[in-house]
Amino acid sequence: MKLPILTIIMTTIFTGTMLTMISSHWLLIWIGLEINMLSIIPILTKNQKPRSTEAATKYFLTQATASMLLMFTIVFNAMHSGQWTTTNIDPNNMIVSLTMIIALTMKLGMTPFHFWVPEVTQGVSLMTGMLLLTWQKLAPISIMMQMFTSINPIILLLIALMSVLVGGWGGLNQTQLRKILAYSSIAHMGWMMAILTFCPSLTMLNLLIYLMLTIIMFTMLNMNTNMTTLTLSNLWNKSPTITMMILISLLSLGGLPPLTGFLPKWIIIQELTKNNNIAMATVMAIMALLNLYFYMRLIYSTSLTLFPTPNNIKMKWQFQPKKRSLFLSPLIILSTLTLPLSPVLSTLN
Amino acid sequence: MLKIIIPTIMLFPVIWYSNNTMIWINMTSYSLMINLMTLPLLNQAGNNSNNFSLTFFSDSLSSPLLMLTVWLLPLMIMASQHHLMKESLTRKKLYLSMLISLQMFLIMTFSATELILFYILFEATLIPTLIIITRWGNQTERLNAGLYFLFYTLIGSLPLLVALIYVQISLGSLNYLVMNFWFQDTSSPWSSNLLWLACIMAFMVKMPLYGLHLWLPKAHVEAPIAGSMVLAAVLLKLGGYGMLRLTIILNPMTKIMAYPFIMLCLWGMIMTSSICLRQTDLKSLIAYSSVSHMALVIVAILMQTPWSFMGATALMIAHGLTSSMLFCLANSNYERIHSRTMLLARGLQAFLPLMATWWLLASLTNLALPPFINLIGELFVIMASFSWSNITIAMTGLNMLITALYSLYMLTMTQRGKFTYHIHNIKPSYTRENTLMSMHMLPLIMLTFNPKIIMGLTY
């Protein structure tokens, strides 16, 4: 795609999300979401393959449905409460709270509306998939964080629990890396939404750490354009350092202490326990182990075993790496080694 | 405590910046110097603890385990020299870095005051061990072994995290020094039973308890020698240490909840000892013997009498040294004939007589011969369990008999009898190997003269 066009589209995507994040009037929020969705469609179809077109269609249909549901909820809310601000949704209005959650979780790709996430992520290129799983989450989560007091916690907790389960079990049978990262996104969204009604700043913390880790994973996979577990097993030959970084990042994504990925899980379990949700905390923690299992499979094939290769693979012509990776090193350090800095969180609001 | 932790962390630059020929020498000598600095810790006040800071402390329970951990690092390094000879330099340094990071986490685990810090470091020890087992193990089964090890431990310990957070919220603090004085009994019986289970299961998996022990033979057998040594000697004791620390908050539920576990342990002791009699794989035999000894420790901790705690601590230290020594001996066999089958290398006494002495001493300590500390530990535990219930003597006595049987079986199978013909050209024992064995044996012998330093909290 020509650079000026790409710049315009990227700016539009940015503008859409920013518009959603800074508004307090529901109409502007909806407009921002629509701008975002429409301008990401050309990015999804950048590849010009039938699979990308299919992915873009699925994405468009789901997101448009969610936007329409959101519009319905906005108008309904305006009709019943007479105002358009985000923070004053009436939590006793059952239709409003239910459809609001449905619309926003459909945007985010949480169960039971998660079916589009693996297929759309698989149909597009790695960097576009990264955009899909990271930037596109910002707008809906910012909406949910503005209105968290009016969300029905039972429904949200149910959706979050189901997302963690589906994200764990769904990723077990996958070898395509983009689908694995899509199911990981579903599971992490579950963790983020579970704590929303109790302490939304933890949603933000989990989101930040998840974003960092996903950006790292996609960037590292993009360096050698690895899209399957099989191609990943040849990575030890091309760049062993990336192999080690994938190990650490995946262990952090799985939530193993002493890496930073453990921090959101720990604090979310703490907040859930403080609110007497001990069973939920235990179930979610144990289901996160399913996620860890398929990350361990990836780790085994990349760094801990040497895939049998014929000898001429080891002597492949090694070109200079052309793909730039901005901020990869600081991001890796931030997302794996900062657990000792966790007392910093007490200074946040 | 930083005077031990920071030198251990500084071993990383020692590895990476040493001259290529000096890596092993530097590592071994500096870790031995760290040993020297840890020795003063053994001077413990009787009923109090040395509180170095708000985060680290050492008392009579944690200081022998700390001493064991730091003592093992130079031994692990010495034992790994042979199998890492053929690897490239970066891989050698990576292996040693894994050992150092494991060591660092272990030292911090044994000296942590805050129980959540203990939990984080307890889990943190999993990652280097996993990497050592799966990356540097020798057979295909190591992949399965790593997965079993990781997931068994994690499933047991995630409920522990939730339980610790719950206790922190209801009590106010999880600092061990504070909890000693603050603790109140929990209220409702049903949820306090669940709390007890959540706290204990993590350590039961780690010890391991008989029904949850499947990961142990896999992990111990497939790990390289340093991995086996640290697993058998220290990582198993993490479970015992954790249980001993948590008994304060687990009263009074332990009186009722402990029954199924004590029964499992007593039965499992005999079962695993009997399995040892039928093993063909040498490392597997030593692994199952670890399960059997640790079952005694679990029984002791669950019975909560002063003598049983003394016996548990002494048995943990004694078993750590003995088991590690047996793994080193098995490894010296493996390096010569590249097989763990006992049948393939018999009659070694004719070829390696000094090594046969170490085999004899290791087997004798394994079967708890007087006057070694193994006997002190086992005797205290057996006496405490007899006073708890007279019937247990049948099972513990039977276990001691079967332990003697398989230890002597192992000894006579590998050392005595007619040698096999294909082992004519094995290399004689290296000085490094003899040093290794003597450094395992000397603490065992010397502790016989002053066992009170390893008797733990209730001496």
Side-chain angles (χ1 to χ4, degrees), chain A residues 236 240-241 243-244 247-248 250-252 254-263 265-308 336-337 339-340 342-343, chain B residues 55 88 90-91 94 97-98 101 104-105 108-109 116-128 130-137 140 142-170 174 191 194-195 197-198 201:
Chain A
W236 63 269
T241 359
T243 314
M244 278 192 288
L247 188 151
I248 298 198
L250 279 178
L251 285 177
S252 187
L256 272 191
L259 305 169
T260 315
F262 175 64
L263 181 65
K265 292 199 163 61
W266 169 22
I267 304 198
I268 288 179
I269 292 179
Q270 183 162 6
E271 286 301 313
L272 284 175
T273 318
K274 275 187 196 165
N275 285 292
N276 270 323
N277 254 336
I278 305 180
M280 172 102 176
T282 323
V283 171
M284 274 170 57
I286 295 188
M287 285 303 142
L289 286 181
L290 289 170
N291 266 329
L292 187 64
Y293 179 70
F294 54 81
Y295 298 147
M296 282 308 298
R297 241 191 339 221
L298 284 183
I299 292 175
Y300 272 9
S301 67
T302 31
S303 32
L304 292 179
T305 56
L306 285 182
F307 194 72
T336 50
L337 294 177
L339 190 66
S342 44
Chain B
T55 2
S88 72
T90 316
R91 295 215 182 117
L94 273 175
S97 309
M98 287 294 125
S101 59
M104 176 180 78
F105 290 136
M108 290 203 279
T109 317
I116 299 258
L117 182 65
F118 167 75
Y119 174 81
I120 293 181
L121 295 164
F122 173 81
E123 299 287 299
T125 58
L126 290 177
I127 299 183
L130 175 75
I131 297 180
I132 292 177
I133 297 178
T134 29
R135 175 67 183 80
W136 276 280
T140 336
R142 71 188 196 273
L143 304 173
N144 227 7
L147 278 177
Y148 265 65
F149 169 64
L150 186 70
F151 283 99
Y152 263 67
T153 317
L154 279 177
I155 290 191
S157 61
L158 281 169
L160 173 68
L161 177 65
V162 181
L164 283 178
I165 290 179
Y166 174 73
V167 170
Q168 177 176 34
I169 293 170
S170 59
L174 269 183
S191 61
L194 279 179
L195 184 72
L197 269 180
M201 284 322 280

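Remember, predicted model here, so these are calculated numbers, not experimental data. Just so we're on the same page: letters track the sequence lines, and every chain starts at 1.
Residue B:Phe122: no heavy atom, backbone or side chain, is found under 4.5 Å from chain A. Contact annotation for A:Leu289: both backbone and side-chain heavy atoms come within less than 4.5 Å of a heavy atom of chain B. Interface remark: A:Ile299 contributes no atoms to any contact with chain B (heavy atom separation under 4.5 Å).
Rounded to the nearest 0.5 angstrom, B:Leu130 CG and A:Leu251 CG are separated by 7.5 Å. The CH2 atom of B:Trp136 lies 8.5 Å from the CG atom of A:Leu304; values are rounded to the nearest 0.5 Å. Considering CD1 of A:Ile278 and CD1 of B:Ile169, their distance stands at 7.5 Å, rounded to 0.5 Å.
Residues A:Met244 and B:Leu94 have side chains in contact (heavy-atom distance under 4.5 Å, counting atoms from C-beta outward). Residues A:Leu272 and B:Ile165 are not in side-chain contact: their nearest non-hydrogen atoms beyond the backbone lie 4.5 Å or more apart. B:Leu161 has its side chain within reach of A:Phe262: a pair of non-hydrogen atoms, C-beta onward, lies under 4.5 Å apart. Contact check for A:Ile286 versus B:Leu154: no side-chain heavy atoms found under the 4.5 Å cut-off. Annotation: side chain of B:Leu121 is not in contact with side chain of A:Pro257 (no heavy-atom distance under 4.5 Å).
Comparing B:Leu117, B:Leu143, B:Ile155, B:Ile116 by how many heavy-atom pairs each has under 4.5 Å with chain A, the most go to B:Leu143. Between chain B and the residues A:Ala281, A:Pro240, A:Pro258, the most heavy-atom pairs under 4.5 angstrom are made by A:Pro258.
A:Tyr300 contributes a side-chain N or O that, together with a main-chain N or O of B:Leu147, makes up a donor-acceptor pair within less than 3.5 Å.
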Quiz item: Would B:Arg135 and A:Thr305 count as a side-chain contact (heavy atoms from CB on, under 4.5 Å) if you check the C-alpha gap in whole Å, the side-chain angles of each, and the deciding distance to 0.1 Å?
Solution: CA-CA 6 Å; B:Arg135 175 67 183 80; A:Thr305 56; over 6 Å; no
